Amino acid sequence: MTVRVRIAPSPTGNLHIGTARTAVFNWLFARHQGGKFILRIEDTDTERSRPEYTENIKSGLTWLGLNWDEGPFFQTNRLDLYKKAIQQLLDKGLAYRCYCTSEELEQMREAQKARKQAPRYDNRHRNLTEEEKAAFVAEGRRPVIRFKIEDERLIEWNDLVRGKVTWKASDLGGDMVIARAAENPEAEFGQPLYNLAVVVDDTDMGITHVVRGEDHIANTAKQILLYEALGAKVPEFAHTPLILNEKGQKLSKRDGVTSIDDFKEMGFLPEAMANYMSLLGWTPPDSTEEIFTLSQAAEKFDLDRVNKAGAKFDWAKLDWINSQYIHNMPADKLVELLVPYWQKAGYKVDLESDRPWLETLTALIGPSLTRLSDAPKESRLLLGESLEYSEDAIEQLQKEGVGEILTSIKEAIESYSQLTQDDAKDIVKKVTKQAKVKKGLVMRSLRAALMGELQGPDLIQSWLLLSQKGLDKVRLQQSLEQSMTSES
RNA sequence: GGUGCCGUAGACAAAAUGGUAAAGUCACCUGUCUUUCAAGCAGGAAAUUGCGGGUUCGAUCCCCGUCGGCACUGCCA
C-alpha cells in the first residue's frame with residue numbers, strides 16, 4: 001500500500017506556522033514512506049476564502065521546500081462530490097433536514113449553559129412530521145442538513161501518535177451539520193461543511209494517513225462516523241501536538257508573528273524554519289545532532305517518535321538554528337540573500353557592479369549574523385558615508401600619542417595605490433615600531449578612527465573594504481580633526 | 001459546565017518491558033582565541049522526573065487520587 005497524506009489548509013489567511021509544521025510532518029512521513037504528499041485547498045467557506053491566501057500558502061510551502069506531488073485541489077471544484085454524498089446520507093436516512101434558526105440554536109445553548117449543562121444540539125428536528133416540515137417551509141425557513149450521531153456509540157481508533165483513543169458519541173454535541181442552508185431557494189441544500197468535505201475528499205483521494213493537529217481530535221471522531229455512513233475505508237490517524245506561545249496557549253495570530261511570510265521577512269532561512277519546525281514535537285532517534293535538512297530528517301522520521309505534549313515556540317532556539325545555516329553558507333550565496341535587506345534599509349548596493357566587494361563584506365560580517373535582517377546593522381559602518389563616534393571611541397582618539405599614530409598611518413597610506421592585506425599589516429607594524437607603543441594601542445586607535453566604535457569585525461579586513469571605497473583616508477582625516485578639536 | 005490530552009532543569013526534549021550517579025540541544029555562566037565584538041573551540045552550573053498515596057526488594061516509568069495547563073465543545077476550518 002502506498003502511503004498518501006495531505007496538507008489541507010483553508011485559504012482564510014496566510015500560511016500559518018502551525019499549518020506549516022503540520023505540512024512538515026506530513027511531508028516527512030510521505031518521503032520516509034516513499035508515499036505521496038498532496039495539497040488540498042479547503043475553500044468551502046466562501047465568505048472568508050481569498051485567492052491571494054491560496055497563493056501565499058503555495059509560495060510558503062514552496063519556499064520551505066515542501067513540494068507536493070499532487071494538487072492543489074480545490075474543494076469548490078468538487079462540490080458535486082459532496083452533494084452526492086449528502087444526498088446519499090439523506091436517502092439512507094442517516095441525515096435529515098433541520099429547520100432551526102440560528103437564534104433558536106443560540107437560545108438553546110444559552111439555556112443549557114445557564115443550567116450548567118454542556119451545550120449541544122438536542123436533535124429536536126430529527127423526527128419532524130411532514131406537516132411540521134411543511135409549516136417551517138411555509139414560514140420561509142431553509143434547512144441545514146444534519147448527520148445523525150447516535151449517542152450510545154463508542155468511537156475508537158488507534159492514533160499513531162497517541163495510541164488508543166476512545167470517544168463517546170454523546171460527547172460530540174448532537175447531530176452535526178454537514179451542509180449549510182441553501183441560499184438559492186431552488187437548491188436542495190447549501191454549501192457542504194468541513195467534516196463532510198474532508199471525509200469525501202480523503203476517501204476520494206485515497207488518503208491513507210491523516211496527520212493533523214490535536215485540535216482536530218473531536219473532528220476525527222465525527223469523521224469516523226461519516227466514513228462508516230458512507231461505506232468508506234477509515235484511514236489511519238495521527239494527531240500532532242500543538243505549537244504553544246510563551247504562555248503555553250495555542251499559537252495564534254494574536255501572538256504577532258505567526259505567518260511564514262513574516263518569518264521570511266524577518267530574515268529566517270527556509271532551511272532553518274523547516275529544521276526548527278520539525279523539532280517542534282519530534283526528536284530524531286539518535287538525537288545529539290539537531291541541525292539537519294528535511295531530506296535527512298525524512299530518512300529517520302517516524303510518527304511514533306512524535307511527542308504528545310505541546311511544544312512551546314522558542315525564538316532563541318530558532319535564532320540559533322538560523323545562525324547555524326547562515327554561518328555555514330558560502331559568501332557568494334549568502335550575499336545574494338543579503339542584498340534585499342541592505343536595499344530595504346536604504347543602502348544603494350548593486351550586486352552586479354560591486355559583487356567582489358560585497359562578497360568580501362559578506363564574508364566579514366557573516367559570523368555576526370543571526371538573521372539576514374541583521375546585515376544592515378552589522379555592516380552600516382562599512383556601507384555608510386558618515387561616521388558618528390561612540391563615547392569610548394572619542395576617548396580612544398583623545399589618548400596621548402594617538403593623533404601622531406593616525407597621522408603616520410594616513411601618510412603611509414598615501415604611498416599605496418591599492419592597499420592589500422599585507423600592506424595594511426606592514427603599515428600597522430611600522431607605525432607601532434616607530435611610535436614605540438603596543439600593537440593593541442595602534443589597532444584600537446585605528447579602529448576608533450576608521451569605524452567610530454571600539455568593537456566590530458576584523459579590523460584589517462574592514463580597513464581594506466573601506467580602502468577600496470576610498471573611505472579610509474576620509475575617515476582618518478575626520479578622526480584627526482575630531483581628536484584635535486577635543487584636545488583643545 | 002462537559003469531554004479529551006498533557007505535566008522530566010528557563011525552553012525543546014531522551015531514556016528505563018520498573019533496577020546502579022536521569023542523554024543531548026538552545027538559553028545562561030566561565031575559560032580560550034582575537035586589537036575588539038561576534039563566531040568557533042573547551043568547560044561549568046542547572047531536574048527530589050507537578051503533588052499525595054498504593055503495588056514492589058526497588059517507581060520518575062504500573063495503579064488510584066489530586067492539582068495545574070491546554071485543546072475541543074459553530075450553518076469556521
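Reckoned from all heavy atoms, side chains included, excluding hydrogens, waters and symmetry mates. Predicted, not measured: the structure shown is a model, and the values here were computed from it. Numbers restart at 1 for each chain; the letters A, B, ... are given by sequence-line order, proteins then strands.
Taking a pair to require two hydrogen-bonding distances under 3.5 Å in either a Watson-Crick or a G-U wobble arrangement, B/U48 remains unpaired. With a cut-off of 3.5 Å on both pairing distances, B/U55 has no Watson-Crick or G-U wobble partner at all.
A side-chain contact (heavy atoms from CB on, under 4.5 Å) with A/W463 holds for exactly one of A/D458, A/L446, A/L471; it is A/L446. Test A/R146, A/R124, A/H125, A/R126 against A/D175 for side chain to side chain donor-acceptor pair (under 3.5 Å) and you get one pass: A/R126.
Looking at heavy-atom distances under 4.0 Å, A/E106 makes no contact with the nucleic acid at all. Nucleic acid contact class of A/R447 (heavy atoms, under 4.0 Å, all strands): base. Within the 4.0 angstrom heavy-atom criterion, base atoms lie near A/K317. Looking at heavy-atom distances under 4.0 Å, A/C98 makes no contact with the nucleic acid at all. Counting non-hydrogen atoms under 4.0 angstrom, A/A181 reaches a base of the nucleic acid. Using a 4.0 Å heavy-atom criterion, one finds that A/R48 contacts the bases of the nucleic acid, with or without backbone contacts as well. Residue contacts shown for A/K113 are absent, as no nucleic acid heavy atom lies under 4.0 Å away. At a threshold of 4.0 angstrom between heavy atoms, the contacts of A/V144 include nucleobase atoms, whether or not backbone atoms are also involved. Among the atoms of the strands shown, base atoms are found under 4.0 Å from some heavy atom of A/E290. Residue contacts shown for A/H216 include a base, since a base heavy atom lies under 4.0 Å away. Here A/G281 lies in heavy-atom contact (under 4.0 Å) with sugar-phosphate atoms only. Contacts of A/G248 with the nucleic acid, taken as non-hydrogen atoms under 4.0 Å apart, involve only primed sugar atoms and P, OP1 or OP2.
Counting to the nearest Å, the P atom of B/C75 and the CD atom of A/E103 are 12 Å from each other. Look at CG on A/D314: it is 9 Å from P on B/A11, rounded to the nearest Å. In this structure, A/D319 places its CG atom 9 Å from P of B/A27, rounding to the nearest Å. Rounded to a whole Å, the CZ atom of A/F147 is 16 Å from the P atom of B/C75. When rounded to the nearest whole Å, the span between NZ of A/K312 and C1' of B/C26 equals 15 Å. Between A/I291 atom CD1 and B/G24 atom P the separation is 17 Å, expressed in whole Å. Separating the CD1 atom of A/I321 from the C1' atom of B/C12 is a distance of 9 Å, rounded to the nearest angstrom. Between A/H239 atom NE2 and B/A77 atom C1' the separation is 14 Å, expressed in whole Å.
The phosphate of B/A39 has neither OP1 nor OP2 within less than 4.0 Å of any side-chain N or O from A/S368. For A/T44 and B/A77, the shortest distance from a side-chain N or O to OP1 or OP2 is below 4.0 Å. In this model, the phosphate group of B/A14 is approached by a side-chain N or O of A/N307 to a distance below 4.0 Å at OP1 or OP2. OP1 and OP2 of B/G2 both lie 4.0 Å or more from every side-chain N or O belonging to A/Q112. Between A/K250 and B/C72 there is a side-chain N or O to OP1 or OP2 distance below 4.0 Å. Within the 4.0 Å cut-off from OP1 or OP2 of B/C75, at least one side-chain nitrogen or oxygen of A/R109 is found. A/R305 has a side-chain polar atom (N or O) that falls below the 4.0 Å cut-off from OP1 or OP2 of B/A15.
For the P atoms, the distance linking B/C67 with B/G52 amounts to 15 Å, nearest Å. Rounded to the nearest Å, the gap between the C1' atom of B/A46 and that of B/A27 is 12 Å. Taking the C1' atom of each, B/C6 and B/G44 are spaced 33 Å apart, rounded to whole Å. If you take atom C1' in B/C12 and the same atom in B/G4, they sit 24 Å apart, rounded to whole Å.
For the pair A/R305 and A/F301, the cation does not sit on the ring face, since its NZ or CZ is not both under 6.0 Å from the ring centre and inside 45° of the axis.
If you check B/C75, B/C5, B/U35 against the side chain of A/L459, the one that comes closest is B/U35. Proximity note for A/T283 (side chain, C-beta onward) versus B/G1, B/A14, B/C26: the nearest is B/A14. In the set B/C75, B/U35, B/A38, B/U35 carries the atom at the smallest distance from any side-chain atom of A/D458. Side chain of A/S10, nearest nucleotide from B/C26, B/A77, B/U35: B/A77. Listed candidates were B/A39, B/A71, B/A77. Nearest to the side chain of A/H327 is B/A39. Comparing B/U35, B/C70, B/G1 by their nearest atom to the side chain of A/A118 picks out B/G1. Side-chain proximity of A/R162 to the nucleotides B/C5, B/C12, B/A13 is greatest for B/C5. In the set B/U3, B/G1, B/C75, the nucleotide with an atom closest to the side chain of A/W167 is B/U3.
Across all their heavy atoms, A/N14 and A/S259 have their closest contact at CB-CB, 3.8 Å. Of all the heavy atoms in A/L337 and A/L269, the pair that sits closest is CD1-CD2, 3.6 Å. Across every non-hydrogen atom of A/F292 and A/S278, the tightest pair is CE1-OG, 3.2 Å.
Under 3.5 Å, the side chain of A/K168 and the base of B/U3 form no donor-acceptor pair of N or O atoms. Within 3.5 Å, a donor on the side chain of A/N219 pairs with an acceptor on the base of B/A77, or the reverse.
A/R97 has a carboxylate O that lies under 4.0 Å from a charged side-chain N of A/E188, or vice versa, which qualifies the two as a salt bridge.
With ring centers used as reference points, A/F25 lies 6.0 Å or more from A/H209.
A donor-acceptor pair shorter than 3.5 Å cannot be found between the side chains of A/W157 and A/T220.
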